[in-house]
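Numbering of residues begins at 1 and proceeds along the displayed sequence.
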Amino acid sequence: MHIISVNIGPRGTLQRGDKTEPSGFDKRPVDGAVHVGTLGIAEDTVVDTRFHGGPQRALLIYPAKHHDAWRQEGWDLPPGGFGENLTVDGVDENDARIGDVLVNGDLVLQVSQPRQPCWKIDARWETKGLTKRAMQTGRNGWYVRVLAEGQVQAGDTFELRERGDERFTVQAVHDAMVGRKDLDPYVRRSLANYEPLNPEWREALA
């Protein structure tokens, strides 16, 4: 997994109907190395901690090739444009598995859950249909937890140290959770007991 850019954002606001809500969604690429702790990048802002941030969602990862696909569909989203912390090459939702362990120097990450897109995507780009299209295409990205703190910068490459269960790709788990695909009851029970998956998702499955 090659890092195309590292992206962070300040505390800002997004418009939701007639309401203005605080948000850290507007991520922009930064130069040089940043420190990644168990709660993510220290300089980054997470406002809505119900669905973002915390030890189970320390970083959001997004494939760079998706930005190319969005541009072909008329949405020009730069790196960081989907709210991601790491824009990456070499892997997507059909390759990454829940439980994959990735290493770059001292930094060790583990894939913890798929990303479920929300209203903030449309609000950030002042458009309609982008969030819905992300759900349709599966171009959503995924979250990781931090097993060991370290640094990361654009140009780094993460090596795969451990592989998750082949049944539980990011895409397969996302489809199961949003009802796009019925899981065999045995597989669903297995996923509900699969320790690398975010405990909140395991509880929902159970």
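- The same ILVMFWY cluster, assembled from side-chain heavy atoms under 4.5 Å apart, contains both Leu107 and Val30.
- One hydrophobic cluster holds both Phe158 and Val36 under the rule that ILVMFWY side chains link at heavy-atom gaps under 4.5 Å.
- Heavy atoms of other residues, nucleotides or ligands lying less than 6.0 angstrom from CZ of Arg161 number 12 at most.
- Note: Trp75 and Trp70 have perpendicular aromatic rings, judged against thresholds of 30 and 60 degrees for the angle between ring planes.
- The line from CD1 of Ile41 to CD1 of Ile8 is 6.5 Å long, rounded to the nearest 0.5 Å.
- The closest side-chain heavy-atom distance from Ser190 to Arg167 is below 4.5 Å.
- For the side chain to side chain donor-acceptor pair (under 3.5 Å) criterion with Asp68, the lone passing option out of Gln72, Lys65, Arg71 is Arg71.
- Distance alone, capped at 3.5 Å, is enough to place a donor-acceptor pair between the Thr131 side chain and the Cys118 backbone.
- The closest side-chain heavy-atom distance from Asn85 to Asn7 is not below 4.5 Å.
- Under the 4.5 Å side-chain heavy-atom criterion for grouping Ile, Leu, Val, Met, Phe, Trp and Tyr, Leu197 is connected to Val146 within one hydrophobic cluster.
- Using a 4.5 Å cut-off on side-chain heavy atoms (C-beta onward), Val47 and Phe25 make no contact.
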Next item on the list: Tell me, with the steps shown, if Gln153 and Ile3 meet side chain to side chain contact (heavy atoms under 4.5 Å, CB included).
Entry: CA-CA 7 Å; Gln153 63 183 332; Ile3 307 303; over 6 Å; no
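- If you run side-chain contact (heavy atoms from CB on, under 4.5 Å) between Leu14 and each of Lys19, Lys120, Glu126, Glu21, only Lys120 comes through.
- Of the possible polar contacts, none joining the Trp142 side chain to the Ile98 backbone as a donor-acceptor pair under 3.5 Å is found.
- Between atom CD of residue Glu195 and atom CG of residue Asn193 there is a gap of 10.5 Å, rounded to the nearest 0.5 Å.
- For the side-chain contact (heavy atoms from CB on, under 4.5 Å) criterion with Pro63, the lone passing option out of Met1, Glu93, Arg139 is Glu93.
- Hydrophobic clustering, with ILVMFWY side chains joined whenever heavy atoms are under 4.5 angstrom apart, keeps Ile61 apart from Val108.
- Atom CG in Leu109 sits 8.5 Å away from atom CG in Asn104 (nearest 0.5 Å).
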Next item on the list: Apply the test side chain to side chain donor-acceptor pair (under 3.5 Å) to residues Ser5 and Thr87: give CA-CA distance (whole Å), side-chain angles for both, the deciding distance (0.1 Å), then the verdict.
Entry: CA-CA 5 Å; Ser5 71; Thr87 309; 3.2 Å; yes
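- Summarising the geometry of Asn140 relative to Ala134, their closest heavy-atom pair is OD1-O, 3.3 Å, with the distance given to 0.1 Å.
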Check: Hey, mind stepping through Leu160 and Leu102 against side chain to side chain contact (heavy atoms under 4.5 Å, CB included) and telling me if it holds?
Finding: CA-CA 5 Å; Leu160 185 63; Leu102 304 159; 3.8 Å; yes
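- Smallest separation of non-hydrogen atoms from Tyr143 and Gln56: CB-O, 4.2 Å.
- Taking both residues in full, the closest heavy atoms of Lys27 and Asp44 are given as NZ-OD1, 2.8 Å, listed atom of the first, atom of the second, then distance.
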Next item on the list: Could you check Glu149 against Thr38 for side chain to side chain contact (heavy atoms under 4.5 Å, CB included), going step by step and ending with a plain yes or no?
Entry: CA-CA 7 Å; Glu149 297 185 8; Thr38 56; 3.9 Å; yes
Next item on the list: Mind running side chain to side chain contact (heavy atoms under 4.5 Å, CB included) on Arg97 and Val111 for me, showing each step along the way?
Entry: CA-CA 7 Å; Arg97 302 175 185 175; Val111 179; over 6 Å; no
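- Residue Leu77 comes nearest to His67 through the heavy atom pair O-ND1, 2.9 Å, listed as atom of the first residue, atom of the second, then distance.
- Inspection of the His66 and Glu84 side chains reveals no N or O donor paired with an N or O acceptor under 3.5 Å.
- Separation of atoms OG1 (Thr169) and CG (Asp95) is listed at 9.0 Å; rounding is to 0.5 Å.
- Heavy atoms only, all atoms of each residue included: Asp165 and Tyr194 are closest at N-OH, 2.9 Å.
- Note that CG of Asn198 is 10.0 Å distant from CD of Glu203, once rounded to the nearest 0.5 Å.
- Contact of the Asp26 side chain with the Arg124 side chain is registered, since non-hydrogen atoms from C-beta on lie closer than 4.5 Å.
- Rounding to the nearest 0.5 Å places CG of Leu147 at 5.0 Å from CD of Gln110.
- Hydrophobic clustering keeps Val144 apart from Val103 (ILVMFWY residues linked when any side-chain heavy atoms are closer than 4.5 Å, directly or through intermediates).
- Counting heavy atoms from C-beta outward, Met135 and His174 have side chains that approach closer than 4.5 Å.
- Listed here is the closest heavy atom pair of Leu60 and Phe82: CD2-O, 4.1 Å.
- Remark: Asp31 CG is loosely packed, at most 12 non-hydrogen atoms of other residues, nucleotides or ligands lying under 6.0 Å away.
- Without hydrogens or angle criteria, Asp122 side chain to Trp119 main chain gives no donor-acceptor distance under 3.5 Å.
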